[in-house]
There are 2 protein chains.
Amino acid sequence: MTIEDVARLAGVAKGTVSRVLNNYGDTSAETRDRILQAVERLEYQPSAAARKLKRGRVDTLGIVLPAGQGEHADPFLSEFLDGIAQALDLSDRDLLVTTAHSDEHAVTVHDRLIRSRKVDGFIVTRTQGDDPRIGLLLQRGFPFVAHGRTKETDFAWYDVDNERAFLDAVRHVVALGHRRIGFLGGPVRMNFAIQRKAGYRRGLAEAGIAHDPALEIACELNEMSGAEAARTLVHLDEPPTALVCVTDTLAIGAIEALRALGLAIGRDVTVIGYDGLPVGAYIDPPLTTFSQSAHAAGARAAQMLIDVIEGVDPLERQELVRADLVKRASDGPPEKTPKELKESLAR
Amino acid sequence: MTIEDVARLAGVAKGTVSRVLNNYGDTSAETRDRILQAVERLEYQPSAAARKLKRGRVDTLGIVLPAGQGEHADPFLSEFLDGIAQALDLSDRDLLVTTAHSDEHAVTVHDRLIRSRKVDGFIVTRTQGDDPRIGLLLQRGFPFVAHGRTKETDFAWYDVDNERAFLDAVRHVVALGHRRIGFLGGPVRMNFAIQRKAGYRRGLAEAGIAHDPALEIACELNEMSGAEAARTLVHLDEPPTALVCVTDTLAIGAIEALRALGLAIGRDVTVIGYDGLPVGAYIDPPLTTFSQSAHAAGARAAQMLIDVIEGVDPLERQELVRADLVKRASDGPPEKTPKELKESLAR
DNA sequence: TATCAATCCAAAACCGTTTTTATTGACGAC
DNA sequence: GTCGTCAATAAAAACGGTTTTGGATTGATA
């Protein structure tokens, strides 16, 4: 079923068919009807490859995912993908998905896709403070949108206001009555970790609480690290009654560790996470956290990328959104002072 | 950077460049070197679109995911995708991802992709007993591999031996000493639900335990339904001391409900799930379940599809794999008889 | 020495579109 | 009447590869 067949059936030249299908509006109503009828009858659809070749645009967006390190796929990404796909469905574009197992490999893969002209642009996720993928794309002048900023920010991005969220987190626990607040941070090379820490400190300052370095711990992003940090903090001379964690994973680890010590989460110690992972709802107690809707982020990033591809200045597509508090059950007013908490642990 | 440029630089015709790049092996070593050098210098990579057009093959596999019903993406699928992508990386093919929000829409989307020749074949997930997508693909004679069988099975598929897994599950709890075993089943239209129930019954028969219809409940696939079913079963006159659940989600719901009743999971009541979801490891107690490695399934399905596209008879690509027991902490020997269990609840 | 086969490569055809250029006929203006 | 002008469409030229065809050169064979 090619355009030739349609042209023959309608008794016109194939160029005419093409112009009708692409709405040039320079064909008589009569022949247009005839052609559309032929298209209908033959159930004709243009070949994507031929159209791409001539047009030089492929109507496909690309995304390179970090390859799950043996078994562990990122739950955040699957929702993010879903959001992208839905946005693309509306605009008749497709999504090309690839994986990369290291930073260098990611760069290679992006380069390959650019050179073989398989995509019109990229969505870059999980940005680092200094991101080689973004370096490549900027250098090549290839369209992209990043989910998350980097040190440089002269490109299109969609990001959550991390600082604001952690400011809000501190405000929230302060309002509950906490004055001694711990912070489980992330690796300093990650941009979001820096921003979240800034929010935490601003929150303390705003509440007139002196900043105590002993209450701040930099963790790796896994449960074990969260558990360890929680144990460290709770054994301080003056332990915190609230823990603000840079990711849900850390918070889950912390909760596990604290429960093992016999503490009641949400009463003895408040724990707040960040990410809004579905898992959080199933643990005991359900985790209070901040949610950024991965789905919405994906959909919005896709639309922004489409705009950029169509010529909008990337600098006009920079969006900062707020993360909202998802109140569940791991927070509450402090039932013990730090001193009492310390004593209850000693027993 | 087109093949023309390379040809000019190397001083040959473009056809020769093409033959060198595609290893026809009919060019002299000397010119081949010259051409490869030119390719290197220009960093040339062929245009995917042009190559597709001429070859009639696009080296792209397609997958149509169910669109997350507002926010809830399937954790299984994200690992599955990752497996596919990694397999494709090895064979220099790409993956086109789309979403569909209903069964009919899914059929439409498949049809569109076939007609625009954007993919060489499909991977179909979450098969139903009677699957309209598979109907379409069979009718069109388009290559595909299904993850899961349907009523008809004359096509390529990769499936877990559901019956066997549930046979094993029953054997496992019988070996622990249980004789009163409940079954939390799934919707009957789902093929896997039927198979798993068959396995459960076979297990009972094998152990010489009479089949009691009261112990079998058909649930919807969510926590609430699992919780409800668990409550129903445990309030029978002679309650089960072990619950075998058709998915982890059901098992998680059941555990929540039973814990709320003051029962100790793994001691008063054993609960076994199925899916190997990561969540299972974080709940309390960690869920004993059967795992089918979504990652491996994706990788294998992708390879099978490639084989089929390259001409292998689909009927030679049907694979049944075993799901393995992931022993965690929600199972154990019964510490109470059904009667004692009943009494402890009455208090 | 003429013939034949084998090797290497240039040239041309083709894939199915879109876009540009040419052609045709109708119409109005001078 | 002839000459543009315009609208509508046919015809041809891309797009960037792959594949086919065929020609020139070489070496072996009769």
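Chain letters run A, B, ... following the sequence lines, proteins first, then strands; residues in each count from 1.
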Taking atom types as modelled, is there a side-chain donor on Gln303(B) or Asp307(B) under 3.5 Å from an acceptor on the other?
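A donor-acceptor contact under 3.5 Å links the two side chains.
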Kindly say if [X] contacts the phosphate of [N], meaning a side-chain N or O under 4.0 Å from OP1 or OP2.
{"X": "Ser28(B)", "N": "dC8(C)", "answer": "no"}
{"X": "Thr31(A)", "N": "dA8(D)", "answer": "no"}
{"X": "Thr2(A)", "N": "dG16(C)", "answer": "no"}
{"X": "Thr16(B)", "N": "dC9(C)", "answer": "no"}
{"X": "Tyr24(A)", "N": "dT9(D)", "answer": "no"}

Nearest to side-chain heavy atoms of [X], which nucleotide of [options]:
{"X": "Val12(A)", "options": "dA10(D), dT17(C), dT18(D)", "result": "dA10(D)"}
{"X": "Lys14(B)", "options": "dA13(C), dT9(D), dT20(D)", "result": "dA13(C)"}
{"X": "Ala50(A)", "options": "dT9(D), dT18(D), dG16(C)", "result": "dG16(C)"}
{"X": "Leu53(B)", "options": "dC15(C), dT19(D), dT17(C)", "result": "dC15(C)"}

How long is the line joining CG of Leu42(A) and P of dG16(C), in whole Å?
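The distance from CG of Leu42(A) to P of dG16(C) comes to 15 Å, rounded to the nearest Å.
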Using whole Å, what does the distance between atom C1' of nucleotide dC15(C) and atom CZ of Arg57(B) come to?
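After rounding, the gap between these two atoms is 15 Å.
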Using a heavy-atom cut-off of under 4.0 Å over every strand shown, decide if Ser18(A) touches base, sugar-phosphate, or nothing.
base
When all nucleic acid strands are considered with a 4.0 Å heavy-atom cut-off, which category describes Gly25(B): base, sugar-phosphate, or nothing?
nothing
Aromatic plane relationship, Tyr158(B) with His147(B) - under 30° parallel, 30 to 60° tilted, over 60° perpendicular:
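Judged by the thresholds at 30° and 60°, the geometry between His147(B) and Tyr158(B) is parallel.
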Under 3.5 Å, is there any donor-acceptor pair linking the side chain of Lys54(B) to the base of dG16(D)?
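No, no donor-acceptor pair under 3.5 Å.
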Report the residue (Val17(B) or Gly11(A)) whose heavy-atom-nearest nucleotide on DNA chain D is the more 5′ of the two.
Gly11(A)
NZ/NE/NH1/NH2 to OD/OE distance under 4.0 Å, Arg317(B) and Glu310(B):
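Here Arg317(B) does not pair with Glu310(B) in a salt bridge, since their nearest N and O are not under 4.0 Å apart.
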